[in-house]
Amino acid sequence: MRTAAPDVFVQRPDDAPDHPRSAWAQISPAARRIILARTARSIGQGALVAAFTLYLHALNWNAPQIGAVLSGGLFIGAALTLWIGPLSDRLGRRQFLLGYELILVACAAVALFAQNPWLLAPAALLGGFGRGANGAAGPFGPLEQSWLAHGTPPALRSQVFSLNSTLGMLGMALGAFLGAAPHWLGALMPLDWAYRSLFILPLLGSATGFFLLLQAEDAPTATRPEIHPPSASTHPEAQDVADRQARHLRENALLWRLALVNALNGLGIGMVAPLMAYWYLVRYGHGPGSIGPAMAASFVFAAFGAQIASRLAQRFGAVRAVVGMRTMGLIMLLLTPLSPIFWVAAGFYALRATMNQGTMGVRQALTVSMTGADRRGLAATVNNVSIQIPRAIGPLIAGVLLHLGWLIAPFLVAATFQAAYLVLYQRFFKGIEPRDAPL
């Protein structure tokens with residue numbers, strides 16, 4: 001049964017609900033607002049994933065320049081995460097996420113009204129335009145994950161995090177479909193304005209997220225202890241120092257392993273995903289009218305993949321679900337650049353998204369279950385930074401390769417890194433389950 005304390009769950013062992021309730025009904029009001037804010041934010045992200053690199057190409061930016069601005073945004077995001085993530089465990093998450101939404105509103109407004117590189121580039125770097133995060137709060141994503149974990153019972157974390165990913169991906173799909181708008185608006189207005197009109201979507205999405213989170217109850221910080229379930233045995237309030245140190249040592253070992261496998265994953269992602277729309281343009285000569293719907297399809301497939309991953313994780317375990325699905329995704333990744341026509345390549349890439357991005361919620365649930373509640377911000381920060389810094393290298397290298405005409409090379413490099421990631425992920429984390437984690 002839930003206590004009256006806001007956003008904190010206490011389940012008595014001898015109590016059982018009178019009737020089954022959905023996962024949505026069992027999470028806190030704040031957790032629901034976090035998920036809805038992510039959904040609103042994801043629409044603008046999806047539009048820019050589909051169209052931002054095409055917009056820069058229309059402004060006569062070359063591939064290395066486009067790759068550099070994407071890499072720069074990822075590096076800045078990683079630096080902010082490294083600074084703010086652990087700080088949030090002490091100061092709370094809400095204020096930082098509210099600030100992030102306001103920053104995005106300002107960056108989108110600048111891009112909407114200016115195409116001058118001296119204004120557009122800083123807005124893109126700070127706003128993370130075009131990199132796509134499935135609706136997550138960019139460098140503030142770890143705060144969002146730890147706050148969501150606080151408002152979710154451990155047994156439901158894989159399910160709720162997968163729902164969070166699913167809604168984010170569906171929002172990305174809608175945004176990517178709207179990213180085709182410049183193809184039609186170009187007949188009614190100058191092409192640059194047709195592209196710039198898309199920045200209305202991230203502006204409105206972040207404004208909506210701001211007002212949703214403004215009403216949310218913040219999670220307890222390290223100086224405001226959480227309420228824990230009553231136990232049959234009596235424990236002292238102050239945890240024994242030796243036990244705490246031993247737990248931290250175990251957690252630190254897991255986090256180091258997480259950083260290593262994520263670095264491999266990040267390098268693989270960065271070589272392909274940020275420049276995928278641009279790759280379609282260069283490889284097949286297609287524009288936003290077909291690239292937008294193709295990207296939208298990949299996000300819809302990823303949303304289905306998230307629900308598949310959730311069910312597989314419940315039946316076979318989180319790690320087996322991730323490794324099995326992503327192995328299939330690796331095969332699809334290799335087939336994509338070998339496709340003779342655009343729609344075949346788009347189909348393979350959509351199937352790849354089903355298997356790769358579909359596991360995101362399960363992987364996040366596993367990450368926040370590696371530590372106690374007092375270090376969830378740290379765990380989510382390690383998870384984010386260890387992916388984003390290597391991922392930031394990818395677009396710069398891939399941009400140079402595409403500029404040289406080496407259109408298959410980025411996929412081969414990405415596949416090599418992701419194969420190594422799968423081997424180590426299975427070896428390092430096969431004994432960890434989100435449902436077994438403490439509150």
Side-chain angles (χ1 to χ4, degrees), residues 48-57 59-82 117 120-122 124-134 138-139 259-284 291 295 298 326 329-330 332-339 345 348-349 352-353 356-357 383-424:
L48 296 187
V49 164
F52 183 63
T53 57
L54 305 182
Y55 173 45
L56 296 182
H57 177 76
L59 294 178
N60 297 316
W61 291 42
N62 60 36
Q65 290 171 332
I66 294 171
V69 78
L70 293 174
S71 290
L74 289 166
F75 273 122
I76 290 174
L80 287 172
T81 300
L82 196 60
L120 180 59
L125 291 171
L126 194 56
F129 296 159
R131 70 183 183 184
N134 297 316
L260 173 60
V261 298
N262 277 352
L264 296 170
N265 189 34
L267 284 166
I269 294 171
M271 292 298 298
V272 173
L275 283 165
M276 196 63 203
Y278 183 78
W279 184 84
Y280 283 141
L281 171 69
V282 174
R283 173 67 175 84
Y284 299 106
I291 292 175
M295 299 294 284
S298 71
R326 293 202 59 166
L330 182 60
M332 298 300 108
L333 177 68
L334 288 170
L335 291 174
T336 299
L338 303 179
S339 303
F348 280 132
Y349 192 74
R352 176 256 178 201
N356 271 38
Q357 291 166 270
N383 182 54
N384 187 287
V385 171
S386 59
I387 290 178
Q388 295 306 331
I389 291 179
R391 184 186 175 193
I393 300 170
L396 187 59
I397 298 174
V400 173
L401 293 176
L402 295 180
H403 187 67
L404 294 173
W406 297 356
L407 302 184
I408 297 178
F411 293 85
L412 298 179
V413 175
T416 301
F417 283 121
Q418 297 208 344
Y421 161 82
L422 290 174
V423 172
L424 293 180

What pair of heavy atoms forms the shortest contact from [X] to [Y], and how long is it?
X: W279; Y: A345; answer: CZ3-CB, 4.5 Å
X: M271; Y: A414; answer: CB-CB, 4.1 Å
X: P139; Y: T81; answer: O-OG1, 2.6 Å
X: V69; Y: A121; answer: CG2-O, 4.3 Å
X: P274; Y: I269; answer: CD-O, 3.4 Å
X: F348; Y: S339; answer: CD1-OG, 3.2 Å

Is [Y] close to [X] at the side-chain level, that is, under 4.5 Å between some pair of heavy atoms?
X: R283; Y: T336; value: no
X: L407; Y: L401; value: no
X: N356; Y: M332; value: no
X: M295; Y: V49; value: yes
X: L56; Y: L120; value: yes

So how far is it from [X] [atom1] to [Y] [atom2], rounded to the nearest 0.5 Å?
X: L330; Y: L422; atom1: CG; atom2: CG; value: 6.5 Å
X: N262; Y: I389; atom1: CG; atom2: CD1; value: 11.5 Å
X: S71; Y: I76; atom1: OG; atom2: CD1; value: 11.0 Å

Is there a side-chain contact (heavy atoms from CB on, under 4.5 Å) between T53 and L48? Walk through the geometry before answering. CA-CA 8 Å; T53 57; L48 296 187; over 6 Å; no
Begin with the C-alpha distance, continue with both residues' side-chain angles, and end with the deciding distance and a verdict on side-chain contact (heavy atoms from CB on, under 4.5 Å) for F417 and N265. CA-CA 6 Å; F417 283 121; N265 189 34; over 6 Å; no
State which residue, out of Y278, F129, W61, fulfils the ring pair (Phe, Tyr, Trp, His ring centres under 6.0 Å) condition with F52.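 Going through Y278, F129, W61 one by one, the ring pair (Phe, Tyr, Trp, His ring centres under 6.0 Å) with F52 is satisfied by F129 alone.
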For the backbone of A415 and the side chain of Q418, can you confirm whether one donor and one acceptor N or O come within less than 3.5 Å of each other? no
Evaluate side-chain contact (heavy atoms from CB on, under 4.5 Å) for R352 paired with V272, printing each intermediate quantity in order. CA-CA 12 Å; R352 176 256 178 201; V272 173; 5.8 Å; no
